[in-house]
Amino acid sequence: MAQHFIARADAESDLLACATYLAESIESSDGHAEGISAVVPRYLDKGDVDLAAELANTVEDPFMRDRLLTLVAEKCAAIGDDEYAMQLVDAIEDLGMQAEGRERIGILEASKGNFDAARQIAESMSHPDHVYAAVAGKMFVDGDTAASKQEVEQIEFASARVSAYTGIVHSRIAEGNIEGLSDLLDAAVSDAVEIEHDEERIRGLVEIGTLYGEVSNNGKAIETLDKARDYAEQLDNVHRDTFLASVSVGFLRAGSQDLADRTLDLVEDKTQLATCLVGHARHFWSKDLKDDAIESIEEAYTILKSQKDNETRNSKEKYRLFGSIAAQFANFGRGERAVETAEAIAEETERMHALSQIAVIFASKGEETVATQAINAIEEDAQRTFALIGVSDAVEKAGNRDAATAHLDEADHLAESVPQLASRSNGYFEIAKRYAQYDQAEKFDSSIAKGIEAVSAIRDESIKVTSLVELDSMVEELKLDIAPEDLGFLKAILKDVPND
């Protein structure tokens, strides 16, 4: 019989406690691991690291146990309990995952400015470069550029030095401060060309070239991307075309249409060629070159459609790209073309996802007719329910509360026909969350009740645990005060679960 950390009485009166008690009671190893994996992050959110660690230790699967212990260790470090964090890392059995845990904690310490603690962790690692990079990044952000440079210089591997420089540049760009970043990128280029692994070297140069463009140094962007192109042309594997496509888009963003087109001519794989053209289309549209954007996206579609099965390296990537093209048609205001492209996607999941995206895009534009057309083309009730929720969000953001509520009402009605109980309950909870935001108290109560009914009917115990955790998260997010009598369904959920 399972031993519980949660008392039965608590489980019958609290959502998370009930989910945990149920997870502890699951007899199958896989089901138990899935259930515990669902509840541990919630205890970490609440700051209860001790219980989270105890629960993680009950998982039999060593990989899952180690992964959960890593999460708990990170949380301990985040709240300042460094000693306990390292104890948990030491308890991780897999040496690779243990090293990853040390690295995560070291990076976290660096981000908080605890440089001595970060370095101490780094000294215990075989490959500490990413921790030193995090220290350097934090020093630069704090204004100590000389110390930051010294920290980077002690990093052993060129790829990690490049990562340190580009990480700093990314953070400064996000803050809107690009002063002095070209100098950092110059240093990054010098290190990038020293990287021994071909693909890693090219990837680094492409990123650096793109960042030069973002700091308005197009000359250096083109120079760096040209280096990346030369290396990419020498590759004789499947990565060649992917890199060349990225370089072509980079050239275009840096202002060289000629170099972009010449690089595009080198791409042989049709999926990567179409991917590149989608990138061109987005750039043209952002520069208000709408005719060029439409021409590029149409060409991307034609090329991808012409790709035969025996020419396709990755079917999933191809279907996903069709979805991206459909979404771009929608963003460009081509409703019929967007829906037509999405409906033609052979893979069901990508087809429904693309149609959902199109519906949301046109709803945000106030074009309800096309949005409705896209929703009606979605065959699966669960996906259509969530698409309607997305449309409701879009029109609410546009300031149309009445239309948002109407779409939510339609989603609430449709959710009744969703056969998968987990999807049905999740749909009802998402709908209820929005009814609460729209001050629709009666509709909120109704959706919550129907969601709870669906959860209670779920037979798979690990899925039921996950659904209870989702409900607990929503209750906390909305700051709801649930009366004890409204939690009576928890006893019914636990009625077949034996007591200790």
Side-chain angles (χ1 to χ4, degrees), residues 169-170 173-178 181-182 206-226 229 244-265 267 272-305 320-342 354 356-371 373-374 390-391 393-395 397-400:
V169 173
H170 277 297
I173 290 174
E175 295 169 1
N177 185 353
I178 64 172
L181 296 186
S182 284
V206 171
E207 182 180 11
I208 295 165
T210 302
L211 288 171
Y212 270 129
E214 291 189 31
V215 301
S216 302
N217 192 338
N218 286 342
K220 283 292 185 71
I222 289 172
E223 180 183 321
T224 306
L225 290 166
D226 199 44
R229 182 182 64 178
L244 288 171
S246 298
V247 169
S248 176
V249 174
F251 277 138
L252 189 63
R253 290 174 178 168
S256 179
Q257 175 81 59
D258 179 58
L259 286 173
D261 289 342
R262 283 160 56 188
T263 305
L264 184 64
D265 291 339
V267 180
Q272 296 306 322
L273 188 57
T275 299
C276 185
L277 286 165
V278 171
H280 284 202
R282 288 170 177 159
H283 174 77
F284 288 137
W285 193 265
S286 72
K287 298 298 181 182
D288 206 30
L289 301 171
K290 297 186 176 179
D291 289 342
D292 290 335
I294 295 297
E295 182 181 342
S296 292
I297 203 68
E298 286 286 3
E299 186 179 358
Y301 176 77
T302 300
I303 288 171
L304 191 62
K305 197 172 189 321
R320 194 177 302 118
L321 182 57
F322 269 125
S324 296
I325 292 172
Q328 285 308 130
F329 276 127
N331 281 316
F332 296 168
R334 300 299 198 267
E336 294 295 330
R337 197 79 177 91
V339 174
E340 173 188 292
T341 301
S356 297
Q357 279 189 296
I358 293 166
V360 170
I361 290 168
F362 279 100
S364 66
K365 296 173 182 284
E367 299 183 34
E368 293 279 342
T369 302
V370 182
Q373 180 185 353
V391 167
D393 290 343
V395 295
K397 188 175 181 180
N400 193 339

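Because only heavy atoms are used, hydrogens play no part in the values below, and waters and symmetry mates are left out as well, while side chains stay in. Computed from a predicted structure; not experimentally measured. Throughout, residue positions are numbered sequentially from 1 according to the sequence presented.
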remark   = Ala330 and Ala338 have their tightest heavy-atom pair at N-CB, 3.7 Å

task = Please say whether more than 12 non-hydrogen atoms of neighbouring residues, nucleotides or ligands are located less than 6.0 Å from CZ in Arg253.
result = no

note = What one should report as the nearest heavy-atom pair of Ser248 and Ala260 is OG-O, 2.8 Å

key: Heavy-atom check, side chain of Phe329 versus side chain of Ile358, under 4.5 Å   = no

request  = State, to 0.1 Å, how close Ala354 and Gly323 come at their nearest heavy-atom pair, and which atoms those are.
outcome  = CB-CA, 3.9 Å

note = All heavy atoms of Leu225 vs all of Gly209, minimum pair found to be CG-CA, 4.1 Å

inquiry  = Side chains of Leu277 and Ile297, heavy atoms from C-beta outward: is any pair under 4.5 Å?
reply    = no

message = If I take atom CD from residue Gln272 and atom OG from residue Ser246, how far apart are they, to the nearest 0.5 angstrom?
response = 7.5 Å

message = Are more than 12 heavy atoms, taken from residues, nucleotides or ligands other than Asp291, located less than 6.0 Å from that residue's CG atom?
response = no

note = In this structure, CZ of Arg262 is separated from CG of Leu259 (nearest 0.5 Å) by 5.5 Å

query = Cation-pi between Arg337 and Tyr301: NZ/CZ under 6.0 Å from ring centre and within 45° of the ring axis?
reply = yes

inquiry  = Could you check whether any side-chain heavy atom of Phe284 comes within less than 4.5 Å of a side-chain heavy atom of Lys290, counting everything from C-beta outward?
reply    = no

remark   = Here the gap from Leu244 atom CG to Asp265 atom CG, rounded to the nearest 0.5 Å, amounts to 11.0 Å

ask   = Does any non-hydrogen side-chain atom of Ile173 lie less than 4.5 Å from one of His170?
value = no

key: Gap between atom CD of Gln257 and atom CG of Asp292 - 0.5 Å precision   = 7.0 Å

inquiry  = With a 4.0 Å cut-off on N to O distance, would you call Arg229 and Asp226 a salt bridge?
reply    = yes

key: Test item: Arg334 and Ile294 side chains (from C-beta on) under 4.5 Å apart, heavy atoms   = yes

remark   = In this structure, OG1 of Thr341 is separated from CD of Gln328 (nearest 0.5 Å) by 11.5 Å

Given His283, His280, Arg282, the one that forms side chain to side chain contact (heavy atoms under 4.5 Å, CB included) with Val249 = His280

remark   = Between Ala274 and Leu304, the two heavy atoms sitting closest are CB-CB, 4.1 Å

ask   = CD of Glu336: more than 12 outside heavy atoms within 6.0 angstrom?
value = no

Atom pair CG (Asn400) and OG (Ser364), whose distance is rounded to the nearest 0.5 Å = 12.5 Å

ask   = Is the closest side-chain heavy-atom distance between Val215 and Leu211 below 4.5 Å?
value = no

message = For Ala254 versus Ala221, what's the shortest heavy-atom pair and its separation?
response = CB-CB, 4.0 Å

